[in-house]
A.B. asks: 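Take a look at this one; I'll ask things after.
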Amino acid sequence: MEMPAQYNPKEVEEKAYRKWAKEKLFAASVAENSDPFSIVIPPPNVTGILHMGHALNSTIQDVMIRFKGMKGCQSLWMPGTDHAGIATQNVVERNLAKDGLKKEDLGRDKFNEKLWEWTNSHGSTIISQLKRLGAACDWDRTRFTMDDAYSDAIKEVFVTLYEKGLIYKGNYIINWCPRCKTALSDEESPHRDIDGWLYYIKYPVSRPEADNQKAESYIVVATTRPETMLGDTAVAINPNDSRYDYLKGSDVILPIVNRKLRVIEDEAVDPEFGTGIVKVTPAHDPIDFAMGKKHNLEFINIMNADATLNDNATAMFAGMDRFRGRQALLDILYEKKLIEKKEPYKIAAGHCYRCNTIIEPWVSAQWFVKMKPLAQKAIKVVEDDEVKFYPPRWKKVYLNWMYDIHDWCISRQIWWGHRLPVYYCKQCLNQTGNQTIDHRQQIVDQNSKTKNNKESNVGIIVSRDTPDKCPSCGGSDLVQEEDVLDTWFSSWLWPFATFYWPFGKTIDHRPQTIDLETKREELSYFYPTNILVTASEILFFWVARMIMAGMEFMGEIPFRDVLIHGTVRDEYGVKMSKSLGNTIDPLEIIDKFGADALRFSLMFLAASGSDIYLSEEKFLIGRNFCNKIYNSARFLFLKIKENNLVVDNLNLDSLNEIDRWVLKELNQTIEEASKYLESYRINEATKRVYDFFWHTFCDWYLEIVKDDFTLPKAKVLIHTLISTLKMLHPIMPFITEEIFEAVGKNTKLTQESSIMVASWPRKTELNIDARKEEITKSLFNTIKEMRNIKTDLGLGTKKVKLKIKITSDTKDVWAKNESWIKRLTILDTIEICEDLNRVLYRNDFWELNFDIDDIDKSTFVASLDKKINHAKGFLSKVSKKLENKRFIENAPGDTVEKERLKFKQTSAQKSRLQELRDAFK
RNA sequence: GGGCGCAUAGCUCAGUUGGUUAGAGCGCUUGCUUGACAUGCAAGAGGUCAGAGGUUCAACUCCUCUUGUGCCCACCA
């Protein structure tokens, strides 16, 4: 087989992935004799295309899955996608807009068909991209949050929570996105500072006639959103603010609208801010909403769903967009000289996390989950470290959020998603007369009053099955709730709903092929899952809620460990995002350098939990390493063939000291890599194996045995290669598979059909003679020193004669190793002498000289001086310690012993160097 | 306003129970077309571990403060 000089990942990767799929190596199942290891993938959006964040996130999971698989676990990576309500709807709406259509033109059913069409044709894009990355997901289990069966779980959960009184409907002020025209949860409305103005507006005051003369004829309120004044129904002052005592009996008049405003007192008002008087707009501001409830104020809604002003905002402004209305209103206020001043002001405004539109706080009828009761257990399991965070600091972040958790608004006014399993009986509703099912209508109806938070449940049917008649009146005129659920209301069930929980109660839409008992067993085997790998952005959205759902419905944590990795940034430290255009496309990197190169570079750079800065050149680390692995293997096979070697299992009897040395280094690498992987410190494991393979195995061992390519050596080489490949496999699955197969073809070793199912390497039992080991290490050091000296003397690549005086029982060491020592040091001959006329290097075992006439003494002496100074500095530091009585008294014995040894060795070394130097004077 | 991080070589970062006169990758300097690999090999320069205190026999590592910097949460209009 001809192997080109450079590694070409393209065909290798495709071929390997096909093989794994064909041999069903991704599949995991219940096995009594194996430990389970499971991860559920954070389901990517069906609209998603693979970005660097996915690549990082997925590689980490894949590393753990493959590692645990090799360790003998039933290693399950559960894949799937998320229907991503708003995001997907937006995409399909945009497509529709190209034909000049709106979703309303199609109607709900037709539009839903379009959504499914889109999902079916595009939804697997991300899946195939994950496959290119090498993801070892059990693809036969792939789930989608809109599967019929998955929807069963959602209904079950909704109904159960409703029956427990943990889900309620009510009129509240919520985050409204006027572009998506839906309510959002607090988490979906992140605050961002925007530059704005704080306007000081004069409100006239009408006083009883006989009032004292001190009072002003107007008051001043400050606001960043002047247009909301059209919905003002009060002004508020702090009860302890005596400046405005006079207002208590007065009427404040809302300009333009000329509405009388009540003056209320509330502790929420900060006397220090602005003028100390607050305009109160109960229907358009969360604090004002609370005040409105407390003081029984009128709620006047001045906006439509698209944030245009409505008739309540007076005919003058009706129909205007909120920002245009703001300007128009300001113009009039200026004209009437009612603006006292304006100041530049940073406003922390909520933004829609899907389209970045500024959120409008809006009162509407929505569905909520009571979170406090659900949070209790989820707090405890984290406090008690039953669920552990890596890095641990996220525990605090999680707990802080959980301690102060707010109710979760779960209804969305979009069409793509799970419709709430809520049905309204029209007849019953008509009788109570206070309910309608159209939110937009309901909101307009709110002009007058929102009386109570909780509306009566008359006429509301919450049911797992579609009811045919109203249980209370028997009427059959039922309509289902129009709203759909927040997408996260499906995601939070992911760790168990993916196993087809709830195993069919009154509802059961499992596919025929799915066996209930198997699934039940699988859930109990694989749940709780072992780790959840995610970015910090969805800690609250998803992680926290999964823990709550797990505790509530499984009675058990959903995962033991939560791995929070960093954010992917560009080389300047700016977060990669499509809108900024600073992304690096992982698929382009795969095309250019290979998936292994991508994965390796990511794992090499990603220290646990810290952000990772990327530029295209960072992927050269991985590419170069792939090339190194490939070439070293290519060389081994070439040599094996050239020498007609039949390589089989390692034979410990025929090992020499150097073989033992490399195997010992290998042992240590295995130990450390395993330890690091077990503790999720993947980058440490990656670095360790990289360093061993390149700088120990290739740079030293392989170079040493190059010209002595005998069978015992070949066995050590192949053994070490295989062990390293195995350790690298979780990180770089493709190239390791390729070479593992090639090992099979080029040797007589019996091995597994794929490295994926090969067992994790174990340490070799080596009987190591300490003295021989020391001599071997001295030999390596001597070689480094000789190269060093040659460079100092300007003899870099010149072949020189080495004269050596053996000062102890090590003659055979030089004789046996002569050939490679000469090659690696670039020596002409090695001559063993009784006496040297000059010594360039000396250690406990030998001293040596190069047979050359004149040397540049000054550079050599300078180099010696440098070493001597180094030793001196070190010695003074160590002796300071040893002279310190308290050190001797307090430090543990072996620490003191170590220092003594250091001192002894270094002083010996120093005097040797000193002698050498003196000889050159 | 509250909370959480970060500050180590020119750049990007490791350094996990305190005991190395501090490591890697890239970049830089010097020398190598050595038949596995120039996507390589050899040698090297470069750091008072942000600053100031403290704890300790011992601090890059623990504590406090300062400075700079980043992120998250929050109803000061």
A.B. asks: Name the nucleic acid region contacted by F604(A), choosing base, sugar-phosphate or nothing; use a 4.0 angstrom heavy-atom cut-off, strictly under.
C.D. replies: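 Sugar-phosphate contact only - F604(A) comes under 4.0 Å of backbone atoms but never of a base.
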
A.B. asks: Under 4.0 angstrom, heavy atoms only, what part of the nucleic acid is R681(A) near: base, sugar-phosphate, or nothing?
C.D. replies: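 R681(A): base contact, heavy atoms under 4.0 Å.
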
A.B. asks: Take nucleotides 55-62 of chain B nucleotide by nucleotide from the 5' end and write B, S or -, depending on whether a protein heavy atom sits under 4.0 Å from the base, only from the sugar-phosphate, or from neither.
C.D. replies: --B-----

A.B. asks: Counting the atoms with a prime plus P, OP1 and OP2 as sugar-phosphate, which does L198(A) contact under 4.0 Å by heavy atoms, base, sugar-phosphate, or nothing?
C.D. replies: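 L198(A): no heavy atom of the nucleic acid under 4.0 Å.
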
A.B. asks: Should K346(A) and D193(A) count as an ion pair when the cut-off is N to O under 4.0 Å?
C.D. replies: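 The answer is no: the pair does not qualify as a salt bridge.
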
A.B. asks: Using Watson-Crick and G-U wobble pairs whose two distances are both under 3.5 Å, how do you write the pairing of RNA chain B as dot-bracket, with | for links to another strand?
C.D. replies: (((((((..((((.....[...)))).(((((.......))))).....(((((..]....))))))))))))....

A.B. asks: Touch check for K706(A), heavy atoms < 4.0 angstrom, all strands: base, sugar-phosphate only, or nothing?
C.D. replies: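 Answer is base: heavy atoms of K706(A) come under 4.0 Å of a base.
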
A.B. asks: Which comes earlier along RNA chain B counting from the 5' end, the contact point of K687(A) or that of H870(A), where each point is its nearest nucleotide?
C.D. replies: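 Looking at the nearest nucleotide for each, K687(A) comes out on the 5' side.
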
A.B. asks: Looking across every strand, which nucleic acid part, if any, lies under 4.0 Å from D699(A) by heavy atom: base, sugar-phosphate, or nothing?
C.D. replies: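 The answer is sugar-phosphate, as D699(A) gets under 4.0 Å only of primed atoms, P, OP1 or OP2.
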
A.B. asks: Any side-chain N or O of W694(A) below 4.0 angstrom from OP1/OP2 of C37(B)?
C.D. replies: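 Answer is no, no contact under 4.0 Å.
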
A.B. asks: Starting at atom NZ of K342(A), determine the distance to atom C1' of A77(B), rounded to an integer number of angstrom.
C.D. replies: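 For the pair K342(A) NZ and A77(B) C1', the rounded distance is 18 Å.
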
A.B. asks: Does a side-chain N or O of Y345(A) approach OP1 or OP2 of C76(B) to a distance below 4.0 Å, or not?
C.D. replies: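 Negative; the distance criterion is not met.
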
A.B. asks: With a 3.5 Å cut-off and just heavy-atom distances, do the side chain of K628(A) and the base of C37(B) make a donor-acceptor pair?
C.D. replies: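 Under the 3.5 Å cut-off, the side chain and the base do form a donor-acceptor pair.
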
A.B. asks: So what does Q6(A) touch, heavy atoms closer than 4.0 Å: a base, only the sugar-phosphate, or nothing?
C.D. replies: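 Base, at least one base heavy atom under 4.0 Å.
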
A.B. asks: May I ask you to evaluate whether N788(A) reaches the phosphate of G44(B), defined as a side-chain N or O under 4.0 Å from OP1 or OP2?
C.D. replies: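 Yes, such a contact exists.
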
A.B. asks: What's E703(A) touching, base or sugar-phosphate or nothing? Going by heavy atoms closer than 4.0 Å.
C.D. replies: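 It contacts base atoms.
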
A.B. asks: So what does Y690(A) touch, heavy atoms closer than 4.0 Å: a base, only the sugar-phosphate, or nothing?
C.D. replies: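 Sugar-phosphate, no base atom in range.
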
A.B. asks: Using a 4.0 Å heavy-atom cut-off, does H406(A) contact any base of the nucleic acid, only the sugar-phosphate backbone, or nothing at all?
C.D. replies: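 It contacts nothing in the nucleic acid.
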
